[in-house]
Enquirer: 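Pasting a structure below so you can have a look.
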Amino acid sequence: MSEKPVGIANGLTNYGDRDFSLYLRRSFAKSMGYSNEMLAKPVVGIAYTGSGFNNCHRHFPELLEAVKRGVLAAGALPVDFPTVSLGEGFLNPTSLKFRNLMSMDTEEMVRAQPMDSVVLMGGCDKTVPAQLMGAVSAGRPAVMLVGGPMMTGRHRGERLGACTDCRRFWAQYRAGKVDQKEIDAVEGNLATTAGTCAVMGTASTMACIAEALGIILPGTAAIPAVHADRLRAAEATGALAVRLIGSKLTPTAVINQKSVENALRVLLAIGGSTNAIIHLTAIGGRAGVKVSLDRLNELSDTTPVLVNLKPVGNGYMEDFYAAGGMGALLRELKDLLHLDAMTITGETLGERLDGEPVAWVDRTIIAPRKEPLEPEGGLVALFGNLAPQGAILKRSAADSTLFEKEGRAVVFTSLADLAARVDDPDLDIETDDIMVLQNAGPHSDSAMPEAGYLPIPKKLATKGVKDMVRVSDARMSGTAFGTIVLHVTPDAASGGLLGLVRNGDRIRLSVKERRIDLLVDAAELKKREATREKPPETPARGYARLYAREITGADQGCDFEFLRSR
Ligand code: FES
């Protein structure tokens with residue numbers, strides 16, 4: 001029996017007799033039909049997230065075959081294993097609650113099972129950060145393969161893509177401009193192929209961030225899910241995983257202060273999802289890298305928006321790929337990036353960009369630096385007494401006429417309260433008011449859902465009102481738009497001032513000053529503090545209990561405290 005701890009001889013099950021353990025493992029492995037020759041090879045694990053509850057990963061069986069082909073051709077044995085999979089629209093109360101569970105599953109299964117390197121197959125919003133968090137903590141050589149975006153559908157000659165167009169049509173339906181028959185037809189044409197949402201939502205943003213971090217193959221973030229190039233990328237990723245065996249290129253060699261800052265630059269230049277701030281903070285937190293919101297603001301002031309995709313622009317991810325994709329974008333940003341950041345191929349980012357052929361670039365989708373879509377980055381962090389630990393505004397998707405504004409607060413105390421009253425014809429609300437949602441943050445029962453895109457009350461929507469300032473401790477889908485202040489930290493349920501806002505209070509937003517303030521005097525706030533609602537009770541058992549006890553705020557990436565790097 002081989003003594004070399006490689007392949008399935010790695011990390012033996014402990015029966016108190018190492019030779020017996022190996023003999024038994026080989027015996028069980030042989031029951032799956034493997035030959036001695038195959039069992040002598042190093043093993044590439046493949047963290048597989050195909051699931052009947054994850055439409056975005058519908059093509060993963062075919063993608064898995066391509067990864068395996070790449071691994072086998074490069075001389076190792078591919079072994080796939082299932083982990084938790086998070087399909088954005090199929091989880092209650094919200095997928096974010098289970099991101100840390102998936103990261104723990106990934107970390108522990110990568111560490112506990114006999115593999116020499118691992119391919120992480122992810123795609124839908126939370127799956128990419130969960131896998132990267134887990135892989136960073138596991139410390140094994142790892143490379144990611146993202147599933148790629150959906151193609152667009154068609155409705156009455158118009159292109160449709162999940163999920164910016166989902167929201168646009170829903171707003172029209174609420175305003176009475178689209179009838180039931182048409183919304184039913186739209187429903188069937190928003191998401192028509194395998195793959196992740198077709199716009200620059202959270203999944204696409206995280207794919208671009210993964211490429212900026214250097215943890216996926218160059219040029220692969222934007223390849224559509226159903227494109228043959230996606231299968232070739234899968235095969236090449238399998239081959240790379242074999243080359244990683246025994247190398248020092250573990251995820252922390254790639255994910256560090258420099259690559260995280262490159263990822264922030266990319267996030268800003270693509271007008272990416274606000275969710276990515278939370279995820280990048282959590283991924284960085286596993287590697288001991290702090291993502292500072294002050295630094296985000298500095299970078300935002302010096303990073304132009306260059307990518308013209310919905311929700312901030314017009315195009316879809318398939319257009320971004322055809323336009324030149326991440327290579328073209330990174331070349332535009334070259335002087336702003338840390339070019340000495342290492343990537344998973346063993347090349348630095350600078351070497352990658354110098355070595356790539358400069359292809360044609362569609363300037364209607366990827367603007368040149370000289371003519372940016374916006375001179376400043378898409379996201380900005382706000383502070384002030386309402387959010388001493390920060391809040392986020394996606395200014396590239398907001399109405400700039402609302403950036404300097406003082407208004408009367410109209411408060412909804414919970415998601416249930418919002419649902420019950422927002423369309424009440426008697427709701428006391430005017431266009432100039434500021435809508436506030438409380439108790440939708442990470443410490444609330446609802447676990448920070450994408451509910452920050454508060455619907456415009458029906459009585460205003462039917463009058464043509466399309467945007468208002470909205471403030472909450474919730475998140476917002478990367479596909480949404482509006483003047484929406486999110487991630488208010490600390491959140492209401494963990495004692496934040498947000499929980500003390502009352503109807504009629506004045507709130508002041510100043511994007512210029514990077515502030516969001518509640519204009520209520522200290523004596524009144526002290527009085528209200530005495531009557532503050534009790535925090536939600538800790539659930540008695542299970543993952544919900546672990547979540548309630550360990551969840552951190554948005555400024556810590558909503559990771560569990562005990563999982564962060566020490
Ligand atoms: Fe999976 Fe949008 S639902 S990426």
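All ligand and atom numbering here is 1-based and tracks the order in the structure.
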Enquirer: Mind checking what makes side-chain contact (heavy atoms from CB on, under 4.5 Å) contact with Leu373, not counting sequence neighbours?
Expert: Val305, Asn308, Ala367
Enquirer: Kindly write out the residues that satisfy salt bridge (charged side-chain N to carboxylate O under 4.0 Å, His left out) with Arg154, not counting sequence neighbours, or none if the list is empty.
Expert: none
Enquirer: Please check if any side-chain donor atom of Arg286 sits under 3.5 Å from a side-chain acceptor atom of Ser565, or the reverse.
Expert: no
Enquirer: Taking the six-membered ring of Tyr453 as reference, does the NZ or CZ atom of Arg470 fall below 6.0 Å from its centre and within a 45° cone about the axis?
Expert: yes
Enquirer: Could you name each residue pair satisfying salt bridge (Lys or Arg N to Asp or Glu O under 4.0 Å) that touches residues 85-103, not counting sequence neighbours?
Expert: Glu88-Lys126
Enquirer: Under 2.8 Å from atom 1 (Fe) of ligand 1, which protein N, O or S atoms are there? Could you list them by chain and number?
Expert: Cys56 SG, Cys124 SG
Enquirer: Say whether, by atom type as modelled, one donor and one acceptor occur between the side chain of Thr196 and the main chain of Cys56 under 3.5 angstrom.
Expert: no
